[in-house]
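One structure is given below, encoded as C-alpha cells.
Chain letters run A, B, ... following the sequence lines, proteins first, then strands; residues in each count from 1.
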Amino acid sequence: MPEYSSQFDLAVISTKSNDSKIQLWGRCITGESIFLEIGGLEPYLEITYSTEQVPSDINVKLDKVKRRDDVVEVIELGEKWTEYGVKEMWRVMMKSSKHQDRSSFRKENINDWLFYNADFNHDKRLFYDLDIGTHIRINCQVIDDHRYPVDIYAKTDIHNLNNITPFQAPFVIASFDLETSILDNRILCAAVIIDQLDTSGQRKEIAKEYTFSGTEIEIMKGMTNLIRDKNPDIITGYNIDNFDIPRLKERLEYLTKENDTKTRSELFGWSRRAHENEWDMIPYRARNSKKWTVVGRCFIDAWWEARMVLRPKRETLSYVSQLLFPKRRDLRKLEIDTSKIDEEWEKRPDEVLEYCKRDALLPWEILDELRVIPKKESLAAVSKTSLDVVINGTTSNWIDSLVIRLADRNNVAVPMTKRYDRSDQIAGGYVHEVEPGVYPWVAVLDFKSMYPSIMINNNICRTTMIDDKNTQLPCNESPDGIKYLQKSQREGLVPKLLLDLMSQRDFHKKEMKNALSNGEKSKQIFHDGMQYAVKILMNSFYGVFASTFYRFTHKNIGSSITAWARYNITEIIRQLEEENQNVVYSDTDSIFVSVPMKITAPTKRPNTELGAKKFDEAKTELVKFGKELAERFTEDAAELEFETGLSAFFSHGAKKRYVGRMIWPKEEMIIRGYETRRSDSFTLLTNTMKSIFEYILDGNQESAIKEVITLIKEVKKGNANVEDLVISRSCKAFDRYANPDGLPFVQAAKKRRDDHGLEFTPGMKVAYVVTKSSGSNQVVEPWLVEDGGEPVDTYDIDYYSKRLAKALGRITEAFGWSENELLTGTRQTTLFSF
DNA sequence: ATCATGCCCTAA
DNA sequence: TGAGTTAGGGCATGAT
C-alpha cells in the first residue's frame with residue numbers, strides 16, 4: 001500500500017483520462033503547480049433493456065455483454081427512473097475510457113439496450129462520483145520524477161480527495177504577443193509577460209517581461225522554454241485564438257517535419273505533458289472549432305473577454321486599452337507602423353520590441369482590470385467543475401456538472417444528449433404595447449429571478465413531467481396544459497438544485513455584507529464574486545432546459561416555463577387595468593405602472609425650497625405606491641419587487657425602447673434599446689440622443705427640438721467631426737453572406753485588408769465612415785486611426801443628416817416634429833416657432 | 001412606393 | 001467536445 005502522506009489544497013485547472021487513471025492539473029494555495037495521477041476510478045456506462053418489460057432472455061443478453069473483450073464486468077444496479085418509466089439498470093465496467101471505444105460498444109449493442117451515463121468524458125466522473133468541486137484537499141504520494149513541467153508530481157487514489165471551502169488560487173499567468181512579417185508570415189519577434197495572482201485575486205508583484213528575437217526557431221524555442229519553466233496556468237493575449245496561436249502552429253508546420261516530434265515539442269510543446277511524443281503536446285483545436293486547447297493549461301483570449309464585458313464600439317487592442325485606461329498616456333502614441341512592419345523591424349528593432357512588449361502586457365492588464373480570472377474561478381466553484389470547463393466549455397457543461405451528480409444519487413438514469421426536433425419555436429415572454437409620450441411618476445416592479453422561481457414553485461423537471469393527461473396524481477398544471485408532479489410526490493432535480501443555489505446566494509450576500517461592515521475588502525469582493533456567479537448559473541438553467549438538445553429536457557419544459565411567466569404577468573396587468581391603473585409598459589418580468597399622484601410636482605427636483613419639498617413629497621408617494629403594489633402581488637409562487645422609481649418615463653412607442661429618470665433607489669438616467677446603447681451607432685447620434693432625452697424627461701421639449709435642428713444644419717454644412725460619424729459593426733467571413741458586396745461593412749473590411757495591408761479577423765468589428773451614398777450603394781472608407789492610420793477627412797452630408805433626422809425624428813415625432821421637418825428646420829403648424 | 005428578406009444588436 | 005432561449009427594432013437591399 002502506498003503512503004499518501006503529503007497533503008495539498010488546490011484548485012483544479014483541468015483533467016484528462018488516461019486508461020484507468022485520471023490526470024489532474026492544479027495550482028496549490030501555497031503557490032506550487034501540481035500534476036496528479038489518480039487511480040481507482042474505472043470507466044463504465046449503464047444499460048437497460050429497450051423493451052417496456054424485462055425481456056425473458058435478459059440473462060442471455062447480459063451474458064453476451066459480459067463475454068465481450070472490452071468489458072470487465074457487469075454490475076446490477078437495481079431500479080432507476082428513466083424517461084420511459086422505472087427500469088432495472090446494469091453498470092458495464094469497461095476496459096477503456098476512450099470515447100471511440102464506448103461509442104463502438106453502443107453501436108454494437110444498440111438493438112438490445114438503451115444507454116445511460118454514456119456520453120461524456122470519463123474524467124468528469126471524478127467530479128460527479130466523488131461529488132467534489134474546484135477546490136479540494138488531496139493526500140498523495142509525491143514522486144521524485146521531474147519529467148512533468150510542474151512543481152509537484154504525485155499519485156493518489158479516489159479515496160484521498162475532499163472538498164474544501166473555495167479560495168482564490170494563486171494562478172500564474174503568461175501573456176504574449178508576436179510581431180510577424182507581412183511579406184512572408186515569418187515571426188520577427190515575440191514578448192511574454194509572466195505574472196501571478198495572490199490569494200485575494202490581486203496581482204502579486206510587478207510582472208516580469210521577456211523578449212525574443214533572432215531566428216524563428218530561436219524565438220519559438222525561447223518562448224517554449226519560458227512557458228515550461230515559468231509554468232503558467234493561464235495563457236492570454238489579444239486575439240490569440242484567431243491570430244497568434246494559429247500563426248505559431250503554421251510556422252511550426254513550416255519549420256518542422258510531421259514526424260519530428262522532438263523538434264516540434266521544443267518549438268511549440270506548451271502543454272503540461274512529459275513526453276515529446278504525446279499527440280497533444282502541441283496546442284490543438286477540434287475540427288470545425290475556433291477554440292484552441294493546451295493540455296493542463298487554459299487559453300483565454302483577452303479580445304473575447306473584453307468584447308463580452310465591455311461591448312466596445314471598436315475592438316482593436318488600442319481602442320479597448322484607452323477605454324479601460326484613459327489616463328495612460330503611453331497608450332496614446334502608436335510608435336510603430338504595423339502596415340510596414342518589415343521595414344520597421346529592419347530600421348529600429350528596439351522600438352518594435354518595446355511595442356511588442358507593451359502589446360503583450362496589455363491583454364493581461366485587461367483581464368486583471370475586468371477581474372476575468374477570479375470570475376471564472378468563482379463560476380467553476382459554484383458549478384463544481386474544473387477551471388477549464390468554465391473557460392472552454394459550454395453552458396450545458398456547467399449544468400451537467402450539477403445535474404448528473406444529483407441524478408446519480410437519486411436513482412435517476414442519466415440519458416445521453418439527443419436532439420429534439422422543433423421546427424416551430426416555443427413562445428417566449430410577453431411584451432406590452434407602449435403608447436408614445438412622456439409619463440410622469442412611474443413605479444417599476446419586477447419578478448425576482450422569474451424563471452428559476454417558476455421552476456422551483458411548480459416543481460418543473462424532466463423527472464416530474466407527466467405525459468398522461470388524465471393522471472390522478474397531484475400535479476401542478478401549466479397554463480399550456482403540461483402536468484408536473486407536486487413536490488410531495490417527487491421532488492424534481494432542477495428545483496432542488498435551484499433552491500440550493502438560491503440559499504448559496506443568500507449566504508454569499510450575507511458574508512459580503514459582514515465583510516463590508518468589518519472593512520474586509522478582499523473578503524467582500526470574494527463573496528460578491530461568488531454571489532454573482534451563483535446568479536449567472538441560476539439564470540443559465542432556463543436556457544439549457546428550453547434548448548433543443550439537452551439530455552434532461554423536453555420541448556414541454558421550456559414552453560410551460562414561459563407559459564407560466566406570461567400568465568403571471570398578464571394576470572397582474574389585467575387586475576391593475578380593471579382598477580383603472582395605467583400600465584405603461586411591461587416586458588417579460590417587469591411592469592411599469594403610473595403612480596396615481598395626488599399632488600402636482602415637478603419631475604426634476606427644483607432648487608427652490610417649496611419646489612423641492614413638493615418633489616420630495618411626490619417621491620415619497622411614489623415609493624409608498626411601489627412598495628404596496630409589490631407586496632400586494634407577491635405570492636409564494638412569485639416575488640414581485642419594487643425595483644425602480646421613475647420621476648419620468650418616455651418612449652416613442654416602440655417595444656424594448658425607453659428612457660426613464662430614476663430617482664429611487666438612486667438618481668440616474670436609464671436608457672434601454674435606443675441607439676445610445678448600441679455599439680453599431682455613431683457618437684454624434686448617441687450623444688445628441690442622450691442630450692435630448694435629458695431635455696424630454698425634464699419636460700423641455702423645445703430645447704430638445706432646437707438642439708436637433710441646429711445639429712442637422714451643422715452636419716449639412718459639413719461641420720461635423722468625422723470621428724463622431726464612425727460606424728462599427730461586426731463582420732463575418734465574406735463567404736458567409738448571401739450578397740457580401742451589398743453590405744457596407746464588408747466593403748470596409750475588404751478595403752482595410754486590400755488597400756491598407758491590415759489584418760481582418762472574421763467576427764471582429766469593422767469601423768467605417770460613409771463617404772458617398774449617391775445611387776443605390778453606399779461608398780465607405782475604413783476608419784483606421786486605432787491601427788495607426790490617418791483619419792478619414794470627408795463624410796456624406798446627405799447620408800448622415802438623413803440618418804440623424806430619421807433616428808431623432810422618431811423621438812421628436814412624439815411632440816409633432818417629423819423627420820422631414822427636422823431636416824428643413826421648419827414646420828407648418830407650429831408648436832414652437834423658430 | 002411597398003413589402004419581404006437578411007443582418008446586426010439589444011431586452012429580458 | 002456542436003449547441004442556452006424568444007421578442008423585437010431598425011437599417012439596407014432587392015423584388016414587385
Side-chain angles (χ1 to χ4, degrees), chain A residues 16 99 119-121 123-124 284-293 307 311 313 388-389 392-400 417-420 422 424-434 446-447 449-451 536-551 553 555 557-559 561-563 565-566 569 585-590 651-658 670-681 685 727-732 736-747 763 765-766 770 773 775-778 780 799 802-803 806-807 810:
Chain A
K16 276 220 141 200
H99 202 265
D119 67 341
F120 44 84
N121 290 342
D123 54 296
K124 299 290 176 288
Y284 62 94
R285 59 180 165 183
R287 211 176 282 265
N288 303 328
S289 170
K290 291 244 162 183
K291 218 123 204 156
W292 288 87
T293 306
R307 168 183 240 217
R311 290 189 304 143
K313 273 200 158 81
D388 98 298
V389 167
N392 297 316
T394 61
T395 318
S396 52
N397 295 141
W398 316 345
I399 305 294
D400 258 355
T417 292
K418 45 185 160 295
R419 198 188 164 84
Y420 295 90
R422 196 160 67 201
D424 49 358
Q425 286 189 327
I426 59 169
Y430 169 78
V431 191
H432 201 62
E433 288 289 345
V434 49
D446 68 13
F447 283 108
S449 304
M450 188 188 221
Y451 289 172
I536 301 266
L537 192 61
M538 283 180 69
N539 288 335
S540 305
F541 272 76
Y542 159 72
V544 171
F545 281 84
S547 78
T548 49
F549 59 85
Y550 188 59
R551 61 178 85 248
T553 195
K555 62 178 163 51
I557 292 180
S559 72
I561 295 167
T562 57
R566 288 192 302 277
I569 207 95
Y585 181 58
S586 164
D587 186 347
T588 309
D589 62 355
S590 68
S651 172
H652 74 279
K655 290 172 174 178
K656 297 192 187 282
R657 296 202 159 202
Y658 63 87
I670 55 170
I671 304 178
R672 294 291 177 265
Y674 278 114
E675 281 78 349
T676 317
R677 301 271 292 188
R678 293 182 63 102
S679 61
D680 58 353
S681 190
L685 175 56
I727 298 167
S728 180
R729 303 184 105 188
S730 53
C731 181
K732 296 187 286 196
R736 300 268 296 274
Y737 295 108
N739 178 21
D741 293 324
L743 299 166
F745 49 89
V746 171
Q747 189 191 140
K765 286 188 192 297
V766 180
V770 179
S773 60
S776 60
N777 271 351
Q778 291 179 3
V780 305
Y799 173 80
K802 212 161 176 280
R803 254 199 83 171
K806 198 166 190 175
R810 271 196 295 273

Next on the checklist: Can you give me the first and the last nucleotide of DNA chain B (5' to 3') that has an atom within less than 4.0 angstrom of a non-hydrogen atom in chain A?
Outcome noted: dC7(B) to dA12(B)
Checklist entry - Should the pair R551(A)-D400(A) be classified as a salt bridge under the 4.0 Å nitrogen-to-oxygen rule? => result yes
Item to check | F545(A) CZ to dT6(C) C1', straight-line distance once rounded to whole Å | outcome: 18 Å
Checklist entry - Quick one: is dG14(C) close enough that its OP1 or OP2 comes under 4.0 Å of any side-chain N or O from N739(A)? => result yes
Item to check | Under-4.0 Å side-chain N/O to phosphate OP1/OP2 contact, H432(A) with dA7(C) | outcome: no
Show the distances under 3.5 angstrom between N or O atoms of the protein and N or O atoms of nucleotides 3-5 of chain C.
residue, atom, partner, partner atom, Å
dG4(C), OP2, T394(A), OG1, 3.2

Next on the checklist: Could you go through F545(A) and Y550(A), starting from their C-alpha distance and side-chain angles, then the distance that decides it, and tell me whether this counts as ring-ring contact (aromatic ring centres under 6.0 Å, His included)?
Outcome noted: CA-CA 7 Å; F545(A) 281 84; Y550(A) 188 59; 5.3 Å; yes
Checklist entry - Distance between the P atoms of dA12(B) and dG4(C), in whole angstroms? => result 23 Å
Checklist entry - Hey, is D587(A) close enough to K656(A) for a salt bridge, meaning N to O under 4.0 Å? => result yes
Next on the checklist: Classify the ring geometry of Y542(A) against Y451(A): parallel below 30°, tilted from 30° to 60°, perpendicular beyond 60°.
Outcome noted: tilted
Checklist outcome for this item: Here the distance between atom P of dC11(C) and atom CG of D680(A), to the nearest Å, is 10 Å
Next on the checklist: So, OP1 or OP2 of dG10(C): does either fall under 4.0 Å of a side-chain N or O from R657(A)?
Outcome noted: yes
Checklist entry - Which atom names give the shortest non-hydrogen contact between V746(A) and P740(A), and what distance separates them? => result CB-O, 3.3 Å
Checklist entry - Would you say S289(A)'s side chain and R285(A)'s backbone share a donor-acceptor pair under 3.5 angstrom? => result no
Checklist outcome for this item: All heavy atoms of R657(A) vs all of H652(A), minimum pair found to be CD-CE1, 4.1 Å
Checklist outcome for this item: Between R307(A) and T588(A), the residue closer to the 5' end of DNA chain B by nearest nucleotide is R307(A)
Checklist entry - Expressed in angstrom and rounded to an integer, what is the separation of K802(A) atom NZ from dA12(C) atom C1'? => result 12 Å
Checklist entry - How far does CD1 of I727(A) sit from CZ of R803(A), to the nearest 0.5 angstrom? => result 4.5 Å
Next on the checklist: I need the CG-P distance between D741(A) and dG14(C), as an integer number of Å.
Outcome noted: 10 Å
Checklist entry - Given dA7(C), is OP1 or OP2 found less than 4.0 Å from the side-chain N or O atoms of K656(A)? => result no
Checklist entry - Under the ring-ring contact (aromatic ring centres under 6.0 Å, His included) criterion, do Y585(A) and Y658(A) qualify, and how do the steps go? => result CA-CA 9 Å; Y585(A) 181 58; Y658(A) 63 87; 5.5 Å; yes
